[in-house]
Protein chains: 2
Amino acid sequence: MDGLTIHQAAELTGWSPRMLRYLERGGLVDPERTPAGYRVFGPGELQRLRTLRELLEGFDCGLSDVAFAARLRRESDLRRSLESWLESEPERPQGVASEDWLGWEQRKHQALLAAT
Amino acid sequence: MDGLTIHQAAELTGWSPRMLRYLERGGLVDPERTPAGYRVFGPGELQRLRTLRELLEGFDCGLSDVAFAARLRRESDLRRSLESWLESEPERPQGVASEDWLGWEQRKHQALLAAT
DNA sequence: TAAACCTTGACACAAGCTTGGTAAGGTTTG
DNA sequence: CAAACCTTACCAAGCTTGTGTCAAGGTTTA
């Protein structure tokens, strides 16, 4: 076998084996399988798993956000509808991005921030 | 006043007043205010509220998905990172979209579908 | 001033997500 | 065959989301 087992991959990527299965279930990774059904993680998978982690932490978003972004790529009608809805958003003078979106994209930190 | 109160807007859009406030808190709508602080919903707001409802129901996605799409429009570095991560996804032969994403984008229906 | 609105804030609760653990069973290898 | 892996399928704890309701208080208008 020229790939890693799920525990080895977990070790190297920082995800738990449990989470690797969870991520697969969500379609965010898709390792090969041995004939017996064992997952085999290749270098590509490892890289994407690490990058995914960086993405989530660096931008503070969730798995479902990444999943939705992927869905946007696939479903052009959804993409278009969403695009046109967002387009119709009235232009707010400025300084939109700070208060509003706390609590939607970063709600997790709300308590922490408020506790200072 | 040439706009509607929150209860009137709720009546006409199918959202509850509670939800209109919730949507505003999330930045998905942004009605004007009277000097005293009362929300004033114009025709544009009403239209977008109805369209939003159609979006959510028609494509079976959530408020946070729409919020994230909006965030994608604003944050180009997030957009690029996500784009390149998704780009690196290994090409799966076909038939990707059915099983995987149930449970991420449409997990709500899982129980229903399974119950048939 | 009293009725009928509106405001923000809090409490509450069901449903879903994230994550771990554990059980029952197959595979590989010494 | 036994140890040490792997698999799927459940149960569960804790947090987030979506939604209602209620309280305390300001505004408008008759």
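Protein chains get the first letters and strands the later ones, always in sequence-line order, with residue 1 at the start of each.
- Within the 4.5 Å cutoff, side-chain heavy atoms of A/Met19 are placed close to those of A/Leu63.
- Rounded to whole Å, the distance from CD on B/Glu11 to C1' on C/dC5 is 15 Å.
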Practice prompt. Run the numbers on A/Glu24 and A/Arg33 for salt bridge (charged side-chain N to carboxylate O under 4.0 Å, His left out), then give the verdict.
Written response: CA-CA 12 Å; A/Glu24 179 179 4; A/Arg33 299 293 188 117; 3.2 Å; yes
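- Under 4.0 angstrom from either OP1 or OP2 of D/dC6 there lies at least one side-chain N or O belonging to A/His7.
- For A/Tyr38 against C/dG26, a side-chain N or O and a base N or O form a donor-acceptor pair under 3.5 Å.
- Between the CZ atom of B/Arg21 and the P atom of D/dT21 there is a distance of 13 Å, rounded to whole Å.
- Applying the 4.0 Å criterion to OP1 and OP2 of C/dT8, one finds that B/Arg33 has a side-chain N or O inside that range.
- Atoms CG (B/Leu28) and P (D/dT17) sit 13 Å apart, rounded to a whole Å.
- The shortest side-chain heavy-atom distance between B/Ser81 and A/Glu54 does not fall under the 4.5 Å cut-off.
- Taking only side-chain nitrogens and oxygens, A/Thr34 never comes nearer than 4.0 Å to OP1 or OP2 of D/dC6.
- Atom-to-atom, OH of B/Tyr22 to P of D/dT17 comes out at 6 Å; the value is rounded to the nearest Å.
- Comparing C/dT27, D/dG18, D/dC6 against the side chain of A/Ile6 picks out D/dC6 as the nearest.
- Checked by atom type and distance alone, the side chain of B/Arg73 never pairs as donor or acceptor with a backbone atom of A/Leu86 at under 3.5 Å.
- Take the nearest nucleotide of DNA chain D for B/Met19 and for A/Arg18: the residue whose nucleotide is more 5' is A/Arg18.
- Looking at heavy-atom distances under 4.0 Å, A/Arg39 makes contact with sugar-phosphate atoms alone, never a base.
- For C/dC5, the OP1/OP2 oxygens have no side-chain nitrogen or oxygen of B/Thr5 closer than 4.0 Å.
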